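Remarks on the structure that follows.
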Protein chains: 2
Amino acid sequence: MTFGKYIRTAREKRFKEDRAYSVRQVAQRVGVEPSYLSKIERDQVAPPSEAAIGRLARELGEDPDLLLAMAGKVSSDVQDIILRRPQLFAELLRQLKDAPDQAIEEVAREIRDGDW
Amino acid sequence: MTFGKYIRTAREKRFKEDRAYSVRQVAQRVGVEPSYLSKIERDQVAPPSEAAIGRLARELGEDPDLLLAMAGKVSSDVQDIILRRPQLFAELLRQLKDAPDQAIEEVAREIRDGDW
DNA sequence: AATTGTGTGTACTATGTAGTACACATGACA
DNA sequence: TGTCATGTGTACTACATAGTACACACAATT
């Protein structure tokens with residue numbers, strides 16, 4: 001599933017029940033030109049900027065991290081976390097590369113429960 | 001410490017003991033124009049591409065992850081790891097944001113010792 | 001039958017990225 | 001004293017990013 005198709009599907013789903021989710025109206029609320037959103041949805045142009053993706057996600061009730069990933073981007077707040085301790089986090093992530101989802105969730109839970 | 005100053009310092013350190021570490025020669029081995037490397041070292045231009053930073057790191061015996069971070073970039077192999085499971089890793093990293101280095105190292109070690 | 005809403009095609013633009021090419025000035029040195 | 005290595009200034013370029021502006025065609029509405 002491409003970024004564009006995903007957005008189109010998500011918007012059309014909402015459009016079916018609420019006429020306020022036309023290309024034009026969504027574009028206006030998101031702050032881009034309708035023709036641009038149209039092109040985005042048909043993958044005729046590259047996905048928009050992180051900021052625009054964030055506004056789209058909010059508008060359509062989708063997960064920003066997922067949308068960004070479909071656009072091939074990592075959210076800048078996550079990037080900043082890595083940039084502060086690049087060696088540490090790079091090593092950790094390479095270590096976790098092939099770990100099952102469950103193991104990663106467990107690690108996150110351990111940390112959240114603050115056992116340090 | 002900026003990217004440029006760091007590179008200049010690292011290169012000059014090697015130059016003092018080995019004449020092969022002049023701007024010109026390093027530039028040639030790294031595959032960029034000498035004037036470009038000169039500008040990079042004086043922070044007169046933005047840091048080079050990830051690929052060029054990688055070659056510089058190898059040439060000067062520096063850590064690529066550290067150099068990339070000074071350039072404000074996260075290495076693309078680490079990005080790719082995140083992009084495969086964006087929600088999972090984004091959550092984990094936000095969780096680990098303020099964790100002490102030691103805790104992160106410990107997590108990495110646990111994973112490395114394969115307890116999953 | 002005229003208006004409104006719908007998506008889209010075409011053309012254009014500003015800024016950023018990642019450099020190259022070449023000339024120049026200075027100091028070492030043989 | 002001419003040549004060589006050293007770093008650097010200036011000018012230019014190709015491509016990517018992130019869009020805008022406006023016109024057009026079609027369908028539904030009133």
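Nothing here was measured: the structure is a model prediction, and the numbers come from that model.
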Sorted by chain and residue number, the side-chain contact (heavy atoms from CB on, under 4.5 Å) partners of B:R109 (sequence neighbours excluded) come out as B:E106, B:R112, B:D113
Those residues at least two apart in sequence (or on a different chain) that pass side-chain contact (heavy atoms from CB on, under 4.5 Å) with A:P34 are A:V23, A:R24, A:A27
N/O-N/O pairs, protein side and nucleotides 16-19 of chain D side, under 3.5 Å:
from, atom 1, to, atom 2, distance (Å)
D:dA18, OP2, A:K73, NZ, 3.2
D:dG19, OP2, A:S49, N, 2.9
D:dG19, OP2, A:S49, OG, 2.5
D:dG19, O5', A:Y36, OH, 3.1

The side-chain contact (heavy atoms from CB on, under 4.5 Å) partners of B:E62 (sequence neighbours excluded) come to B:Y6, B:A10, B:R14, B:L60, B:L67
By side-chain contact (heavy atoms from CB on, under 4.5 Å), A:R84 pairs with (sequence neighbours left out) A:D80, B:K97
Sequence neighbours excluded, the answer for salt bridge (charged side-chain N to carboxylate O under 4.0 Å, His left out) partners of A:D101 is B:R85
Notebook entry, point to check: Can you tell me if the side-chain N/O atoms of B:R24 get under 4.0 Å from OP1 or OP2 in D:dG7?
Noted result: no
Listing for DNA chain C: consecutive Watson-Crick or G-U pair runs of at least 3, distance cutoff 3.5 Å, ranges ordered by first number, gives C:1-30 with D:1-30
For this session: For A:S76 and A:Q79, indicate whether the former's side chain and the latter's backbone hold a donor-acceptor pair under 3.5 Å.
Result: no
Check: In terms of side-chain heavy atoms, does A:S75 have a donor or acceptor partner in A:E50 at a distance below 3.5 Å?
Finding: no
Heavy atoms, side chains only, cut-off 4.5 Å: are B:L37 and B:V30 in contact?
no
The first and last nucleotides of DNA chain C lying within contact of chain B, meaning any atom under 4.0 Å from one of its heavy atoms, run from C:dA18 to C:dC22
Expected list for residues 5-22 of chain A near DNA chain D, using heavy atoms below 4.0 Å, is none
Taking every heavy atom of A:L83 against every heavy atom of B:G72, the minimum-distance pair comes out as CD1-O, 3.8 Å
Residues 27-49 of chain B vs side-chain hydrogen bond (donor to acceptor under 3.5 Å, both in side chains), sequence neighbours excluded, gives B:T2-B:D43, B:R8-B:E41, B:R11-B:E41, B:R29-B:E59, B:S38-B:R42
Taken in chain and number order and not counting sequence neighbours, the residues that satisfy salt bridge (charged side-chain N to carboxylate O under 4.0 Å, His left out) with A:D63 are none
Residues at least two apart in sequence or cross-chain that pass side-chain hydrogen bond (donor to acceptor under 3.5 Å, both in side chains) with A:T9, listed by chain then number, are none
